[in-house]
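Source: prediction; values computed, not measured. Here is how names work: the chains are called A, B, and so on, in the same order as the sequence lines, proteins then strands, and each is numbered from 1.
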Amino acid sequence: MDIGITGVGAISALGSNYQTIADNLLAGRSGIQKISHFPVQDHPSQIGGVIDSVPCPVGWKPEEFAKLPRVDQALLWCGQTALANAGLGEGRSQTRIGFIVGTAAEWNSIWEENGLGEGNSIYQPQQHLDSVVHRTCKKLRISGPAVSLSAACASGNYALALARNWLRMGWVDVCLAGACDMALTPISLAGFGNLRALSRRNDEPQKASRPFDRDRDGFVMGEGGAVFVLERMDQARRRSAHVYARIGGYGASSDAFHMVIPSGDPEPAIKAMRLALADAQISPGQVDYVNAHATGTPVGDVAEFRVLASVFGEGISKVPVSSTKSITGHLLTGAAAMEALACLVALQYQALPPTINLDNPDPECPLRHVPNQAQPHHVRVTASNSFGFGGSNTCLILVVA
Amino acid sequence: LLRKASFFASLQRTSGLEIALTSSGQGTLVGQVTYYATLRASLAELAQLRRQPGILPGEKIAPTFLKHAEEHTVAALAVALRALAKGNYEPGQYREWGVLAAPVMFGRDAEALAMNRFAAEGAWGISPHMIPHYSLHAVSGTISQALQIRGPNFGISGGPSALSEAFLVAAGLLSENRLPGILLVLTGYDREKIPGESPEAQPLIHCEAAALVLTREGGQRELRLGVQPRTHFSFEPFTLAAFREALENIQQLHASWSLPGIGWLELKALELTGR
């Protein structure tokens, strides 16, 4: 049973709808800026892909919306606009709609946001009756099964894979799936900074995220994510919905090596990619574009090159690879979903979003890069790698509908 | 996928116990709960488990492995080791499984500590272990690393509905029929801790944990996991303590709980006819 994507809702530093984000991705327009919504003078990294404010969705009072935690605002925005984009904004009372969202920092960010506002909700767990996914379901008036999950940066790929399963099992008619986090908070910035994972190129924010570049020095945090509407292809065709892409396949594995550092053994990540290709019944030579996980850390980008080189063999010199984290920053739990969106952009516009700031390609990552400018390209199949803390490796294959 | 009728028919033939989870929708997924284990540990006992979570033939877990781990992670690894030990598995048998972990209110203690340190010391007061060990991926990632399990691993919810969500996720993964097994671990406190208080000051608080080895098919069947359409019965809310007690008294058991927004979960002892 084929499953397609028929709606997209998204928010990031690049914009708050699919079209704006697509335009900025293809223009290679960085969303990174100096962080100004909290003091950063004693943080090692002081830059990020910041969302200044989440737009208030139609039907909501701005003053009520503003009272919601930021992660609730972002997920409600993404969910509501995704449904509207799929033509399911109204008249869906008989439709069983599920919701699967990747989000890791929900509780941490809510407690922190509340604590910085002089609240003490962290000491009152009895106040916490619902997770953000359930609160959002109530606001969207959808009553299907709903879960949140986290495999760190790989979460979005798991969410899409699980949604495909629920649709195939007949549990839901439609499933919202994606990932979103609003983790650019003082404590998480400090946590990643003290891990020495972040770029310290504070004086050049828009030059700081530089995957595969010889002068990369860590990743740049971003926030936001994307939510997609998934449904059976036959159902989508019956209601004449626009289908952005078909979910071709996914693969997943774990390094079982270290909570942070990618394994020196590329086999587990290679396995994830090969499982995804097998699930999609696609050969490596049929892949037209790879959206790499590449975050811009010295170790991680080289490790991913080894994975790609093994999966594509001699074809590695032919398949275009880019990392859109150079433009968006690293959306952490929201990353895989935003990069699935970048693949939809490649499929829709027949153009490859670039890796910006790729001024001196690292000779240890000899790939067919898409440096600094988008390139027109015939794209029918995309592969999006997302690896995460905890040793997670995932790959999502999207195919033109 | 099987319809409800065939689901119960198959249970009568082969299962010593059944565990049925309902959900809205038309399909019923049937899986095996091959082995399980439970744990109830005081905070003082958790401190001991941190150094020695358990012993499993063929596995070496260093005494410092859990040094930075959140307490849910300690309980989860300990109960996972117990479940695997019951199965007498060779290490190679579970290397390709998946690991799912559903902790309730995960990371609250550490976040409270971090907030206090941040207020006092600023950014440099935040531990570099905060993100790797106190975010939702940490429990499953740690188990994967400890036991060299290389299938998918991820965390579920981390909030109040983690236990209910866990079964929906596990059933969805089982439906693929791609993994030889799934280790599903549930953890939560019987009453929530007061962050920053010592274990001695909170002697009545216990961490509850359960680990289930789930397979789509299995030779040695003690429990079955089924997912079937929602019914309209009203049962007691599902709690980890009640689930643990049910598993521990499984011979005379027939219990059902509601899973808010999902359906219901049933656990029932049956005559053994197929073993």
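- Heavy atoms of A:Ile187 lying under 4.5 Å from chain B belong to its backbone as well as its side chain.
- Rounded to the nearest 0.5 Å, atoms CD (A:Glu106) and OG (B:Ser135) are 12.5 Å apart.
- Using bins of under 30°, 30° to 60° and over 60° for the plane-to-plane angle, the ring pair B:His137/A:Phe389 lands in the perpendicular bin.
- Proximity to chain A among residues 184-195 of chain B is limited to B:Glu192, B:Pro195, judged by heavy-atom separations below 4.5 angstrom.
- Rounded to the nearest 0.5 Å, atoms OH (A:Tyr158) and CG (B:Leu100) are 9.0 Å apart.
- The most heavy-atom pairs under 4.5 Å with chain A, out of B:Gly125, B:Ala162, B:Gly155, come from B:Gly155.
- Heavy atoms closer than 4.5 Å to chain B are found in the side chain of A:Asp279, but not in its backbone.
- Looking only at heavy-atom pairs under 4.5 Å with chain A, the residue among B:Tyr134, B:Phe106, B:Phe118 that has the most is B:Phe118.
- Residue contact with chain B, scored on non-hydrogen atoms closer than 4.5 Å, involves the backbone of A:Thr103 exclusively.
- At a 4.5 Å heavy-atom cutoff, the contact between A:Asp255 and chain B is made by backbone atoms alone.
- Between B:Arg150 atom CZ and A:Asn393 atom CG the span is 9.5 Å, to the nearest 0.5 Å.
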Given side chain to side chain contact (heavy atoms under 4.5 Å, CB included), test B:Ser157 with A:Leu149 step by step and report yes or no.
CA-CA 5 Å; B:Ser157 175; A:Leu149 57 86; over 6 Å; no
Pair B:Leu168-A:Trp166, side chain to side chain contact (heavy atoms under 4.5 Å, CB included): steps then yes or no:
CA-CA 9 Å; B:Leu168 285 180; A:Trp166 282 6; 3.8 Å; yes
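- Heavy atoms of A:Ala152 lying under 4.5 Å from chain B belong to its backbone as well as its side chain.
- Here the CG atom belonging to B:Leu174 is positioned 8.5 Å from the CE atom belonging to A:Met169, to the nearest 0.5 angstrom.
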Criterion side chain to side chain contact (heavy atoms under 4.5 Å, CB included) on A:Asn108 and B:Met130, from CA distance to verdict:
CA-CA 11 Å; A:Asn108 307 67; B:Met130 180 81 196; 4.2 Å; yes
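- Only the side chain of B:His133 comes within less than 4.5 Å of a heavy atom in chain A; its backbone stays farther off.
- Of the listed residues A:Ser131, A:Ala252, A:Ser188, the one with more heavy-atom pairs under 4.5 angstrom with chain B than any other is A:Ser131.
- Within the 4.5 angstrom heavy-atom criterion, atoms from both the backbone and the side chain of B:Leu173 approach chain A.
- Heavy-atom distances place no part of B:Ser140 under 4.5 Å from chain A, backbone and side chain included.
- Residue A:Phe38 does not touch chain B at all, counting heavy-atom pairs closer than 4.5 Å.
- A salt bridge does not link A:Arg164 with B:Glu176: none of the charged nitrogens is closer than 4.0 Å to a carboxylate oxygen.
- With respect to chain B, the highest number of heavy-atom pairs below 4.5 Å among A:Gly102, A:Gly98, A:Gly191, A:Gly251 belongs to A:Gly191.
- Of the atoms belonging to A:Phe192, heavy atoms from both backbone and side chain fall under 4.5 Å from chain B.
- When atom types are taken as modelled, the side chain of A:Asp42 and the backbone of B:Ala123 share a donor-acceptor pair closer than 3.5 angstrom.
- Between chain A and the options B:Glu96, B:Arg178, B:Met105, B:Gln148, heavy-atom pairs under 4.5 Å are most frequent for B:Arg178.
- For chain B, the nearby parts of A:Trp111 are the backbone and the side chain; heavy atoms of each come within less than 4.5 Å.
- Note: B:Leu136 CG to A:Ser148 OG = 7.0 Å, rounded to the nearest 0.5 Å.
- Between chain B and the residues A:Gln126, A:Glu112, A:Gln41, the most heavy-atom pairs under 4.5 angstrom are made by A:Glu112.
- A distance-only check finds a donor-acceptor pair linking the side chain of A:Asn165 to the backbone of B:Gly172 [under 3.5 Å].
- Of the possible polar contacts, one joining the B:Arg108 side chain to the A:Ile122 backbone as a donor-acceptor pair under 3.5 Å is found.
- When every heavy atom of A:Trp171 is checked against every heavy atom of B:Ala171, the shortest pair comes out as CH2-CB, 3.7 Å.
- Atoms NE2 and OG, on A:His134 and B:Ser164 in that order, are 7.5 Å from each other to the nearest 0.5 Å.
- The two residues A:Tyr123 and B:Ala112 have their closest heavy-atom pair at OH-CB, 3.9 Å.
- Between chain A and the options B:Ser127, B:Gly122, B:Ser161, B:Ala102, the largest number of non-hydrogen pairs under 4.5 Å is found for B:Ser161.
- Judged purely by atom type and a 3.5 angstrom limit, A:Ser392 uses its side chain to pair as donor or acceptor with the backbone of B:Asn153.
- Within 6.0 Å of atom CD in A:Gln127, more than 12 heavy atoms from other residues, nucleotides or ligands are found, so the atom counts as buried in its surroundings.
- Side-chain N or O atoms of A:Ser254 include one that pairs as donor or acceptor with a backbone N or O of B:Gly151 at under 3.5 Å.
- Of the atoms belonging to A:Leu275, heavy atoms from both backbone and side chain fall under 4.5 Å from chain B.
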